[in-house]
Amino acid sequence: MFANFFQLISRRDPETYEDAFVHDVRVVKPRPRNPRIMRWLAVMWVFIGLKSLFVWWACARYPVPFSPMWIIGPTALFGILVTVVYCGRK
């Protein structure tokens, strides 16, 4: 009863009803992580750490009118973003 009512309201062609059903399902296996990229990420995190230490030391040693976190914060946040995007992919 409702099927005929919906058909009347939507004015859909009855021969397109089969298109509304699932025909097949495909399961895609997640790609394995590339060890070369993981090493590259680790090396970049070491560089971020060294840069952070250098900036912290330079800001403590020389009189600058800003906090070192203005430089370290965006660098660390971008590194976190890149790492999460790569590690979170399927």
Side-chain angles (χ1 to χ4, degrees):
M1 179 170 117
F2 286 115
N4 290 337
F5 179 67
F6 291 137
Q7 178 185 358
L8 179 66
I9 291 174
S10 66
R11 301 202 186 276
R12 197 167 49 167
D13 185 23
E15 293 168 11
T16 62
Y17 288 155
E18 290 298 320
D19 295 338
F21 295 101
V22 176
H23 293 287
D24 65 349
V25 175
R26 295 183 187 158
V27 177
V28 178
K29 291 182 182 178
R31 295 181 293 183
R33 303 237 187 275
N34 187 348
R36 197 169 164 203
I37 302 244
M38 295 302 283
R39 273 194 305 271
W40 183 249
L41 277 173
V43 167
M44 290 299 114
W45 273 108
V46 168
F47 282 143
I48 287 173
L50 291 174
K51 175 190 170 186
S52 299
L53 288 174
F54 175 74
V55 167
W56 199 277
W57 171 82
C59 286
R61 173 103 168 111
Y62 300 105
V64 291
F66 56 85
S67 170
M69 290 307 292
W70 282 104
I71 297 171
I72 297 170
T75 304
L77 286 175
F78 186 70
I80 290 169
L81 174 70
V82 168
T83 305
V84 166
V85 165
Y86 179 74
C87 292
R89 71 183 174 89
K90 292 184 178 188

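Side-chain atoms are counted along with the backbone in the values below, which use heavy atoms only and exclude waters and symmetry mates.
Rounded to the nearest 0.5 angstrom, L41 CG and Y86 OH are separated by 7.5 Å. Atoms OG1 and CH2, from T75 and W70 in turn, are 13.0 Å apart once rounded to the nearest 0.5 Å. Rounding to the nearest 0.5 angstrom, the gap separating the CD1 atom in I80 from the CH2 atom in W45 is 4.5 Å. Between the CZ atom of F78 and the CD1 atom of I48 there is a distance of 9.0 Å, given to the nearest 0.5 Å.
Looking at heavy atoms from C-beta onward, C59 lies in side-chain contact with F66 at the 4.5 angstrom threshold. Counting only heavy atoms from C-beta outward, the side chains of F47 and V43 approach each other to under 4.5 Å. W56 places none of its side-chain heavy atoms less than 4.5 Å from the side chain of I71.
Following chains of ILVMFWY side-chain contacts shorter than 4.5 Å, one can reach M44 starting from L50, so the two form part of one hydrophobic cluster.
Among all heavy-atom pairs drawn from P74 and M69, the shortest one is CD-O, 3.8 Å.
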